[in-house]
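Beneath this line is the structure, given in structure tokens, with notes to follow.
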Amino acid sequence: MSKEIPAQYDSSQVEDKWYDYWMENNYFHSTPDDREPYTIVIPPPNVTGVLHMGHMLNNTIQDVLVRRARMQGYNACWVPGTDHASIATEAKVVRKLREEGIKKSDLSRDEFMEHAWEWTHKHGGIILEQLKKLGASCDWDRTSFTMDEKYSESVIDTFIDLYEKGKIYRGARMINWDPAAKTALSDEEVIHKEINSKLYHIRYKIVGEDDFVTIATTRPETILGDTAICINPKDERYSHLHGKKAIVPLVNREVPIILDDYVDMEFGTGCLKVTPAHDVNDYDLGERHGLEIINMMNEDGTISEAGELYIGKDRFAVRKEISKDLEEAGHLVKTEDYKNKVGYSERTDAVIEPRLSLQWWVSMKELSEPALENVMNDSIQFHPAKFKNTYRHWMENVRDWCISRQLWWGHRIPAWYNEDGDFVVAKTETEAETKFKIQNSKFSNLKQDVDVLDTWFSSWLWPISVFDGFYEEDEVDYYYPTNDLVTAPEIMFFWVARMIIAGYEYRGEKPFKNVYYTGIVRDKQGRKMSKSLGNSPEPLELIKKYGADGIRMGMLFATPAGNDLPFDENLCEQGRNFSNKIWNAFRFLTMNMEEGVEYKPTLKINKEDLSDRWMAAKIQETIKGVNTDFDAYKLNDALKKVYSLIWDDFCDWYIELAKPDTYGDKIAVEKMNTALGFFEQLMKMLHPFMPFISEEIWQHIQDRKPEEALLISEWPEVDATLINPYDINLFGDLQQVISALRNIRAEVNVSHKEELDVFIKTKDSDFANQLLENRRVLEKLQSLKSLKISTEVEKPKVYSSAMVEGNEIYVPLEGLVDFEKERERIQKEIERLEGFLKGIEGKLSNTGFVNNAPANVVEMEEKKKSDTQESLAKLREQLKDFAD
RNA sequence: GCGUUCUUAGCUCAGUUGGUUAGAGCGCAUCGUUGACAUCGAUGAGGUCACUGGUUCGAAUCCAGUAGAACGCACCA
């Protein structure tokens, strides 16, 4: 302890050291035992992703929760892992191959998968290494990956099970087609954006007449797939068209004019072109009216042969071209500017094409019932609760989930087709054969479905499969349901809702008890931090600069659950400064230790010492408050309480009072032991938030064995007997007296070193006695020449004054007081109190108030009134003194 | 378009079931450095609680409307 300790805290020297120490001692590892478990499963980041600020926030919160639970004596288990992220990873691999001059289409499936695995092994898990720098206390022995062998098996088995239960079916439907990734997407993967587009008014000739019908469309290129014109049967403007046919311009196809209520007479021209293959509503119309379906687009968004014209050209190029051609042919009546919403692919940002396609679906309605119910009845709690509304709305209107993707990277759909195109769902080809045999169908040359499953079809099993819960009971029975899930509201439907569904379906139980929704990390301009905008700081650089502790604190300080985090490096600076403050507080204690003395930190306090009693009370109060905040998931409030306890109470008051009277003296051994005891408590409370510096100091305070490490020490129990309101109030009054004296010094510009004569005229002798008993506190924090405390003190002739709880403080300041300024100050105070008094008197003279308000409220007002009157009288007297 | 949630100091946010003079951190201003820390200390300025109306003895808090913001949902071509 006697070794030299630097004045600047250097996080880089400390953080790796303790992380390694914790790892070496296996403290993050959990195995089932007779303790109560506390479990968190990490929201698995993309396997080839890199750490961004969102991860930093999210994982800091999880670590705080886990560390506190561990200290509380739970068997804490935080399961880390990664997600194969089917479409995102495949897109990255495709891009990388393209850069090397390799086209995906030139590769066989197996060859492509080899590249994908290579990429995964190279980049996989980088993000987990980065999390270690943040201090994440994950059980790394449990690291899972959604494409691990066992995990994959559970995905496939789940598919088969749901299929056999009739919850999965294969069907042709309109789906969201991503022409860039060339795959179907679920509704959740489509982001609707409002864009400025044009509404094209196009006229179609009526067959056999010289008449035209004009329709409005935002997608003129789709006329190539038109198979009808639709009007509302009630629309009298067009009654003459009933039963007629129209000619699609350019392709010159005759199509019927059909009647349907669906058409909104108010919109556009009241006439609608119908393209059943490329619009959801048109498809429905087509079904109702038995229309032909012309699929005029290829999977990559180019025009197909069925479109007859512009074959092979891209849909957007064709849009421009066709509008010109229509105009030249005299079919374009007009174009107008128009705002509409267009769907974009969440992953590739390509404009989605509605497309008729044969896909696999999960039937959601029944499955989601328990998931809705148990969130609404708070069996699963959302923090903040406002997200329940969003959740309910989605769940009540839940639609079937399209789970097949036309990709290679992922879990391949376990369906097998024979030569006739019949299929069975089976785990292996052999099993498939058997099934075909039983059905008396052909079973030679079986081919497995080429598609893979939606990523979320594997991650919805995460809380079960990470414990191998589909095949082994021991672990999952112990750890499941998990306690807290910490995630972003953006993936509430993708992931949270579906985990809840899978949880009830496969465990008959919720997957977690609480969901903590984090906000979005934004830059100063309020933009979401993202790679593409380049507005996100590099997390590891930040850690280097401010320490993981500093960043953790900075982020937590500014973000209540569900609120966005407007990130500013300034926050990290604040965190770093706090580290330094703590460090120096500790350093101060070590500088005041005697050589050769063995200090024993203790929670025993000197009962004669008000500052000890007060500090002990403050600590207990804070533990209590912090526990309450944790229970309500208000981590930022909890941290603020700890921050204030350490900085404001411990450093600014307790340590100041603990300083030896004579410079060069050391702090008495007993006092030091108490101070160290307090410090230990502070470090315990701080540990979940700032694990590194707290462990560092903890280990400095005493030589510890590995099993005495802070992270596995006991979270402090509240000792309510130490919370003595009398001491808290008395100390508070002393603080106020000192502040008042400092204020006087500031106003009259007297240095804090100059000794003052101070007169305190107390309201009663009781308070005078209390002050006298603790006059050391005043003397310690103010340079005093003399101190007179009594109910009867003679006011000095020239003075500056202050009032604390009705007690008058006078400081004679001959030659220093600016009469004019002092008079102004008193006058201002009188005016303020007069206004205040007027308000009180108004209330009290209001019979309504006196009759209706509770007695204690009225009483309080009465007391306020008399106190204020008393203060006013004293101030007026003072004003007179200065008038002379 | 429908729904939900917001709007409190320059910024980010607290404010419990309506009841002292609406709080905190940052920022700002002034003063202060030979002894833990200038990554610091002290002091201070700064708010008609978005707006309008209502309920009430009393409203930042409850109700209605208006304006603005965010999020969610939706097939209007």
Side-chain angles (χ1 to χ4, degrees), chain A residues 5 7-9 174 192 199-200 215-219 222 230 262-264 266-269 271-275 279-284 338 340-341 354 384 386-394 396-397 489-490 492-493 520 524 526 546 550 557-560 562-566 568 570-571 573-592 634 636-637 640 643-644 651-652 655-656 659 663-664 738-739 742-747 749 751-753 832-833 835-836 839-840 843 846-854 856-858 860-861 863-864 867-868:
Chain A
I5 296 179
Q8 298 288 317
Y9 174 67
M174 288 303 278
H192 293 273
L199 197 55
Y200 298 82
I215 57 90
T217 181
T218 51
R219 296 195 298 160
T222 61
C230 189
Y262 165 74
V263 177
D264 180 352
E266 306 295 317
F267 187 88
T269 61
C271 298
L272 175 72
K273 70 190 234 12
V274 185
T275 322
D279 185 277
V280 180
N281 305 297
D282 290 12
Y283 177 73
D284 293 341
Y338 184 67
N340 69 337
K341 294 238 175 140
K386 65 176 177 181
F387 287 113
K388 278 167 76 177
N389 287 317
T390 315
Y391 180 85
R392 179 177 61 196
H393 193 262
W394 190 77
E396 282 176 351
N397 298 286
E490 292 130 270
M492 193 192 301
F493 308 132
I520 296 166
K524 280 184 202 166
Y546 301 102
F557 223 59
T559 172
N563 273 44
D564 287 355
L565 168 61
D568 190 333
N570 185 269
L571 289 167
E573 208 175 307
Q574 210 182 322
R576 182 205 54 187
N577 292 356
F578 186 41
S579 298
N580 201 52
K581 182 73 183 178
I582 298 165
W583 183 246
N584 276 289
F586 176 66
R587 188 166 151 257
F588 170 77
L589 292 186
T590 61
M591 289 167 78
N592 277 280
K634 292 182 171 179
N636 61 328
D637 287 343
K640 278 175 189 172
Y643 178 83
S644 171
C651 292
D652 287 353
I655 289 193
E656 286 305 320
K659 284 183 176 172
Y663 175 69
I738 289 160
S739 289
R742 284 169 176 165
N743 182 344
I744 287 171
R745 285 178 190 272
E747 280 188 1
N749 217 353
S751 148
H752 70 278
K753 274 181 279 183
R832 190 182 69 85
L833 286 179
F836 182 49
I840 299 169
K843 261 190 199 175
N846 179 341
T847 51
F849 174 73
V850 180
N851 294 336
N852 292 315
N856 64 324
V857 174
V858 178
M860 190 106 73
E861 291 297 316
K863 183 170 165 14
K864 260 159 59 185
D867 285 356
T868 310

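Numbers restart at 1 for each chain; the letters A, B, ... are given by sequence-line order, proteins then strands.
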Donor-acceptor pair, distance only, cut-off 3.5 Å: does the side chain of [X] make one with the backbone of [Y]?
X: A:N852; Y: A:G848; answer: yes
X: A:N636; Y: A:A558; answer: no
X: A:N584; Y: A:N580; answer: yes

Using a cut-off of 6.0 Å, state whether more than 12 heavy atoms not belonging to A:E266 lie near its atom CD.
-> no

Any residue meeting ring-ring contact (aromatic ring centres under 6.0 Å, His included) with [X], in chain and number order, not counting sequence neighbours:
X: A:F387; answer: A:Y517
X: A:Y391; answer: A:F382
X: A:F493; answer: A:W394
X: A:F557; answer: A:Y643

When all nucleic acid strands are considered with a 4.0 Å heavy-atom cut-off, which category describes [X]: base, sugar-phosphate, or nothing?
X: A:S739; result: sugar-phosphate
X: A:Y338; result: sugar-phosphate
X: A:Q8; result: base
X: A:K273; result: nothing
X: A:N636; result: nothing
X: A:R576; result: base
X: A:F557; result: sugar-phosphate
X: A:K386; result: sugar-phosphate
X: A:C651; result: base
X: A:P560; result: sugar-phosphate
X: A:R219; result: nothing
X: A:N851; result: nothing
X: A:V263; result: base
X: A:N389; result: sugar-phosphate

Please list, in 5' to 3' order, the outermost nucleotides of RNA chain B lying under 4.0 Å from any heavy atom of chain A.
->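 First-to-last contact on RNA chain B, by the 4.0 Å heavy-atom rule, is B:rU4 to B:rA77.
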
Considering only the [atom1] atoms, how many Å lie between [N] and [M], rounded to the nearest integer?
N: B:rG27; M: B:rC13; atom1: C1'; result: 14 Å
N: B:rG19; M: B:rG35; atom1: P; result: 48 Å
N: B:rC2; M: B:rU17; atom1: P; result: 31 Å
N: B:rC62; M: B:rC49; atom1: C1'; result: 16 Å
N: B:rA70; M: B:rA29; atom1: C1'; result: 35 Å
N: B:rU55; M: B:rA64; atom1: C1'; result: 11 Å
N: B:rU34; M: B:rU8; atom1: C1'; result: 46 Å
N: B:rA59; M: B:rG15; atom1: C1'; result: 14 Å

Atom pair CZ (A:R576) and CD (A:Q8), whose distance is rounded to the nearest 0.5 Å | 8.0 Å

So how far is it from A:E747 CD to A:N743 CG, rounded to the nearest 0.5 Å?
-> 4.5 Å

Think A:K659 forms a cation-pi with A:F588, using NZ or CZ under 6.0 Å from the six-ring centre and within 45 degrees of its axis?
-> yes

Runs of at least three consecutive pairs that involve RNA chain B, where pairs are Watson-Crick or G-U with distances under 3.5 Å =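 Ordered by first number, the stems with RNA chain B (at least 3 consecutive pairs each) read B:1-7 with B:67-73, B:10-13 with B:23-26, B:28-32 with B:40-44, B:50-54 with B:62-66.
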
Could you check A:D564 against A:F493 and say which one's nearest nucleotide on RNA chain B is further toward the 5' end?
-> A:D564

Most 5' of A:N592 and A:G848 on RNA chain B, judged by nearest nucleotide |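 The answer here is A:N592.
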
